[in-house]
Trainee: 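Dumping the structure here so I can ask a few things about it.
Reckoned from all heavy atoms, side chains included, excluding hydrogens, waters and symmetry mates. Numbers here are sequence positions counted from 1. In listed order, ligands and their atoms are each counted from 1.
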Amino acid sequence: MSAIRSSVSGLARTFKLNSLPALRVSRLHTIPSAAAPHSPTLPTSRISPGSFRQGLTHSKFGSSQGQCRLYAAGPRNLGETGGSKNPFPVVPLVLIFTAGSGGFYLLVNSRKETMPATEKTLPRSPKKAKTTPTFSPKDVSVIFVLGGPGAGKGTQCQNLVRDYGFVHLSAGDLLRAEQNRDGSEFGELIKTYIREGRIVPMEVTVALLENAMKESIANGQNRFLIDGFPRQMDQAIKFETEVCPSVFTLFFDCPEEVMLERLLKRGETSGREDDNIESIKKRFRTFVNTSMPVVDMFEKEGKVVRVDCTQGVEEVYSAVKKEVSSKFKPMKEKAVMTA
Ligand SMILES: Nc1ncnc2c1ncn2[C@@H]1O[C@H](COP(=O)(O)OP(=O)(O)OP(=O)(O)O)[C@@H](O)[C@H]1O
Ligand SMILES: O=c1ccn([C@@H]2O[C@H](COP(=O)(O)O)[C@@H](O)[C@H]2O)c(=O)[nH]1
């Protein structure tokens, strides 16, 4: 075996592989050498995944050249091969090399047969997580608006839109619109999650928000109230890492009994499938268990502005305005036409 190894590494440093498709070879990168029992004649300790990687780095598989350097080791003295005194060592070496190449080919082909169909089409390296947000906080301002169901988030956002020119994006509204969109592949899923008061998988919601933001930014708007989001820790991290870090979170503090009363009243006319007592109770539970930890996390970062929401709409808005004014200027009064 050692003679074979020496011979191959010393003599056959370059050989043609242009008949092997690149896919089969690239697949070898992921095969541990321990799982390569198919060619007893093949010196697997030399043809480690690392060796292939190194070889492939310098080769042009699938190109017209189609040659692959296999080993980095230097050439060996032919006289060392097995200590043989044969003055013509070329013939056994050629035989050994041919056997080795055949074994190699069989090994490569056997991997191809056992490869799952999906893996054949997958890219070799998994998609890397995004590390830079799409929008810079220098250009785009995001305020998260959080609070229990029925606390009055939407109501106060409307006031801020009027006075400060924010774009109001309610995650719940976006999800409901997607749910009702003809042909949406997520419609049924969203419906079930909303009815159960559960949090829709974040990829859907983050994509809806990001798309809506892009549209508004294209229209020259760059201040956003993101209402009812993030409601779960993973959403918060994904959004701030991949879309845009927030300026702060406006948290509407409201006891459950007040929220329940408001929601039941709203349910008389809202037509919302989750404004009923069963769904409301589930939403309260989700809020306490899943969404409050997000508020707590931002609070620890000193990024929460808490507003008491038990008062009437105007009183609550005075408190909201005070907080928002410290960071954002109100829009100028619209010019009024006079006769
Ligand atoms: N301060 C308030 N006092 C009395 N009623 C209010 C007050 N704020 C909002 N409401 C009413 O309570 C109901 C819930 O308000 P709103 O829809 O703004 O809450 P929300 O927090 O956005 O709810 P959800 O999270 O379920 O969308 C509405 O009918 C609204 O008119
Ligand atoms: O980020 C989010 C926001 C909302 N949902 C689901 O929508 C409903 C209704 O949300 P509202 O803010 O009350 O309009 C909520 O109960 C969740 O089921 C979500 O999944 N993710």
Trainee: Can you list everything that forms a salt bridge (charged side-chain N to carboxylate O under 4.0 Å, His left out) with K303? Sequence neighbours excluded, please.
Mentor: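 Expected list: E240.
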Trainee: Counting both backbone and side chain atoms, is some N or O of R176 under 3.5 Å from an N or O of ligand 2?
Mentor: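 Checking ligand 2 against R176, an N or O pair does fall under 3.5 Å apart.
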Trainee: Is it true that G172 lies under 4.0 Å from ligand 1, counting heavy atoms only?
Mentor: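 Distance cut 4.0 Å: G172 fails for ligand 1.
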Trainee: Would you mind running through ligand 1 and noting each atom that sits below 4.0 Å from a heavy atom of G154?
Mentor: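 Every atom of ligand 1 under 4.0 Å from some heavy atom of G154: 18 (O), 20 (P), 22 (O).
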Trainee: For ligand 1, which atoms sit closer than 4.0 Å to a heavy atom of G152?
Mentor: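 Selected atoms, number and element: 8 (N), 9 (C), 15 (O), 16 (P), 18 (O), 19 (O), 20 (P), 21 (O).
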Trainee: Measure E273 to ligand 2 on non-hydrogen atoms and call it side chain, backbone, both or neither using the 4.0 Å cut-off.
Mentor: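 For E273, no heavy atom sits under 4.0 Å from ligand 2.
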Trainee: Heavy atoms only: which of E314, Q311, R262 lies closest to atom 11 (C) of ligand 1?
Mentor: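 Heavy atom nearest to atom 11 (C) of ligand 1 belongs to R262.
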Trainee: May I ask you to check whether Q235 has an N/O atom sitting below 3.5 Å from an N/O atom of ligand 2?
Mentor: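 Right, the criterion is met.
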Trainee: Check for a donor-acceptor pair, side chain of Q235 on one end and backbone N or O of R231 on the other, with a separation under 3.5 Å.
Mentor: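 Here the side-chain-to-backbone pair exists.
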Trainee: List every atom of ligand 1 that sits less than 4.0 Å from any heavy atom of G312, numbering the atoms from 1 in the order shown and giving each element.
Mentor: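 So the answer, numbered in order with elements, is 1 (N).
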Trainee: Pick one: which of R285, K282, K281 meets salt bridge (charged side-chain N to carboxylate O under 4.0 Å, His left out) with E196?
Mentor: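 Only one option passes, and that is K282.
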Trainee: If the threshold is 4.0 Å, N to carboxylate O, is there a salt bridge linking D274 and R198?
Mentor: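 Looking at R198 together with D274, the answer is no, because their closest N to O distance does not fall below 4.0 Å.
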Trainee: Considering only heavy atoms of R272, which atoms of ligand 1 have at least one such atom less than 4.0 Å away?
Mentor: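 The atoms of ligand 1 under 4.0 Å from a heavy atom of R272 are 26 (O), 27 (O).
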Trainee: What I want to check is whether the side chains of Q221 and N219 have a donor and an acceptor closer together than 3.5 Å.
Mentor: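 Judged by distance alone, the side chains do not pair up.
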Trainee: Is L175 in polar range of ligand 2, meaning some N or O pair under 3.5 Å apart?
Mentor: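 For ligand 2, there is no N or O atom that lies under 3.5 Å from one belonging to L175.
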Trainee: So that I can tick it off, tell me whether E210 and K214 are bridged by a salt bridge, with the cut-off set at under 4.0 angstrom between side-chain N and carboxylate O.
Mentor: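 E210 and K214: salt-bridged.
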Trainee: Would you say S279's side chain and R195's backbone share a donor-acceptor pair under 3.5 angstrom?
Mentor: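 Indeed, once roles are kept as given, a pair shorter than 3.5 Å links the two residues.
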Trainee: Just which atoms of ligand 1 are under 4.0 Å from any heavy atom in R283?
Mentor: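 This gives 26 (O) as the contact atoms.
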Trainee: Distance under 4.0 Å to a non-hydrogen atom of V313: what atoms of ligand 1 satisfy this?
Mentor: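 In order of numbering, the contacting atoms are 1 (N), 2 (C), 7 (C), 8 (N).
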Trainee: Return a yes/no value for R231: is any of its N or O atoms, backbone included, closer than 3.5 angstrom to an N or O of ligand 2?
Mentor: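 It does: an N or O of R231 is found under 3.5 Å from an N or O of ligand 2.
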Trainee: If we only count N/O pairs under 3.5 Å, is R272 in contact with ligand 2?
Mentor: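 Indeed, backbone or side chain, R272 has an N or O that close.
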Trainee: Going by the order shown, which atoms of ligand 1 are within less than 4.0 Å of some heavy atom of T155?
Mentor: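 Numbered from 1, ligand 1 contributes 9 (C), 15 (O), 16 (P), 18 (O), 30 (C).
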Trainee: For K327, give me all partners under salt bridge (charged side-chain N to carboxylate O under 4.0 Å, His left out), at least two apart in sequence or on another chain.
Mentor: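 K327 satisfies salt bridge (charged side-chain N to carboxylate O under 4.0 Å, His left out) with no other residue.
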